[in-house]
Protein chains: 2
Amino acid sequence: MDARRRSLLEATLDCVAEHGMSGATARRVAERAGVTAGLIRHYFGSKEAMVSAAYGYLIGQLTNEAGESAEKGSEAPEQRLARFIVANVTAPNLSPRKVALWATFIGRVRTEPAYADIHRESYREFMALLETLIHPLLMGLKRPADPTTCQHYAIALNAVIDGLWLEGGLGHGLYDTALLPKIALSAAEGILALPSNTLMQHAAADSLSS
Amino acid sequence: MDARRRSLLEATLDCVAEHGMSGATARRVAERAGVTAGLIRHYFGSKEAMVSAAYGYLIGQLTNEAGESAEKGSEAPEQRLARFIVANVTAPNLSPRKVALWATFIGRVRTEPAYADIHRESYREFMALLETLIHPLLMGLKRPADPTTCQHYAIALNAVIDGLWLEGGLGHGLYDTALLPKIALSAAEGILALPSNTLMQHAAADSLSS
DNA sequence: TTTCTTGTTATACGACAGTATAACTGTAAG
DNA sequence: CTTACAGTTATACTGTCGTATAACAAGAAA
């Protein structure tokens with residue numbers, strides 16, 4: 001991808017994070033990227049097209065990071081799920097800036113089709129990944145693993161992951177975000193009705209030092 | 001509270017929901033409320049003050065609705081918690097408009113103190129309520145109920161409630177939102193390590209048909 | 001009746017938005 | 001050598017923004 005194009009997208013995200021969506025003006029974004037405003041037209045056609053492209057760019061970062069974390073490690077389903085969950089509630093995915101950006105964009109999903117498309121696609125991808133992590137885990141335990149059961153588990157897991165990611169990123173300072181991996185894994189064990197520590201024991205030690 | 005003031009706040013929320021925060025211009029809000037733009041200055045001092053007041057107004061609606069649902073019903077801790085959870089994932093709290101509004105405002109919490117104050121206060125209130133629901137429930141089961149344990153449970157429950165509320169409100173149409181109460185109660189039972197149906201049996205029948 | 005206050009409109013002003021257009025680079029092809 | 005084109009700047013135009021200010025209406029206080 002073009003370097004200039006990416007620098008404009010990153011400048012857009014910076015502006016949105018600092019001043020809200022209306023703060024990402026053509027002139028300000030261009031100045032931050034070290035160019036003049038006319039280039040936006042050249043690369044994106046319009047300012048609005050640039051901002052929605054920046055949304056897609058952000059979501060791509062988030063899902064790539066989480067997806068890659070599930071790949072690493074052994075083939076044990078427990079370990080893969082544990083790594084995926086922990087990756088979603090620790091840096092770099094757990095970042096105040098990213099949470100704020102996500103929320104700002106999400107606010108437009110309901111009324112603007114360009115944003116709705118990006119959101120639906122990324123959500124579908126996230127759920128599909130979650131279901132491919134849950135299914136082998138249930139099978140290994142000789143438990144029912146029909147699509148409906150897996151989907152319901154995935155919905156609940158997705159919710160608790162998103163919720164903790166949000167709370168942690170908003171950083172109200174009412175508790176230490178270092179607690180999040182433990183809380184997330186424990187909640188996931190409960191939701192999936194797994195024996196205690198089934199997931200916890202597979203998480204990297206450095207993420208869970210008491 | 002003044003009726004004109006409230007009509008301006010509701011017009012503000014309408015504009016934010018439809019066109020984002022930058023769509024809530026002084027002229028458009030005034031037109032929607034059936035007055036002229038000068039009145040904003042009279043009632044709120046500035047447009048920015050009106051918008052942040054609208055955020056507080058929205059959050060008040062959400063927490064009131066959920067809080068009152070926990071009050072109703074018998075004194076059984078299971079029933080109170082079940083009602084509270086269900087209220088958060090069904091109408092009127094589960095509304096695409098409200099979710100979009102919430103997200104739009106949340107995007108500003110990190111950088112604008114006025115929004116941060118409102119958010120922190122409402123979050124603190126939500127958590128405190130959740131802990132007063134969890135504590136008697138654990139006590140009744142003769143389980144450990146120290147503050148740290150209750151807090152961790154509250155964090156996880158808050159996350160799964162928020163996450164399901166968000167998913168349901170965004171309405172990507174990948175599953176029926178009527179499933180949410182069941183999923184939410186089942187997840188809560190798992191997180192709190194309660195026997196199956198401990199919470200489910202206390203929910204109103206009409207919320208859980210099929 | 002006169003005066004004061006509150007709610008409200010009408011209007012004017014300066015700032016800044018998005019973008020269209022024309023001109024200026026450099027570099028690769030002919 | 002020159003031609004053509006992609007990348008880039010400079011600038012001008014029109015619209016809309018937030019808000020300051022002056023005026024108007026109506027009821028309460030004097």
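These numbers come from the heavy atoms of this one structure, side chains and all, not from hydrogens, waters or symmetry mates. Just so it is clear: chains get the letters A, B, ... in the order the sequence lines come, proteins before strands, and each one is counted from 1.
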| message | Quick check on contacts: within residues 42-52 of chain A, what sits under 4.0 Å from DNA chain D by heavy-atom distance? | response |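 Under 4.0 Å from DNA chain D: A/His42, A/Tyr43.
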
| message | According to ring-ring contact (aromatic ring centres under 6.0 Å, His included), who are the partners of B/Tyr175, at least two apart in sequence or on a separate chain? | response |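 B/His172.
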
| task | For B/Tyr115, check ring-ring contact (aromatic ring centres under 6.0 Å, His included) against everything at least two apart and list the hits. | result |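 B/Tyr115 satisfies ring-ring contact (aromatic ring centres under 6.0 Å, His included) with B/Tyr55 only.
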
| task | Pull out every residue in residues 10-30 of chain B that has a heavy atom closer than 4.0 Å to any atom of DNA chain C, ordered by number, or say none. | result |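 Output list: B/Arg27.
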
Within this structure, what is the [atom1]-to-[atom2] distance between [X] and [N], rounded to whole angstrom?
X       : N      : atom1 : atom2 : result
A/Ile40 : D/dA10 : CD1   : P     : 15 Å
B/Glu31 : C/dT8  : CD    : C1'   : 17 Å
A/Leu39 : D/dT9  : CG    : P     : 5 Å
A/Asp2  : D/dA6  : CG    : C1'   : 11 Å

What pairs with [X] under side chain to side chain contact (heavy atoms under 4.5 Å, CB included), at least two apart in sequence or on another chain?
X       : value
B/Glu18 : B/Arg32
A/Glu10 : A/Arg6, A/Tyr57
B/Val89 : B/Leu164, B/Leu180, B/Pro181, B/Ala184

| message | Once side chain to side chain donor-acceptor pair (under 3.5 Å) is applied, what residue pairs with a partner in residues 122-138 of chain B remain, sequence neighbours excluded? | response |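 Listed once each, the pairs are A/Glu167-B/Tyr123, B/Glu121-B/Arg124.
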
| query | So, for A/Leu199 and A/Glu189, which heavy atoms are closest and what is the spacing to 0.1 Å? | reply |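 Looking at all heavy atoms of both residues, the shortest contact is N-OE2, 2.9 Å.
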
| Mapping A/Gly38 and B/Gly38 to their closest nucleotides on DNA chain C, which lands nearer the 5' end? |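 On the 5' side of the pair lies B/Gly38.
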
| query | Can you name the side chain to side chain donor-acceptor pair (under 3.5 Å) partners of B/Tyr153, sequence neighbours left out? | reply |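 B/Arg143.
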
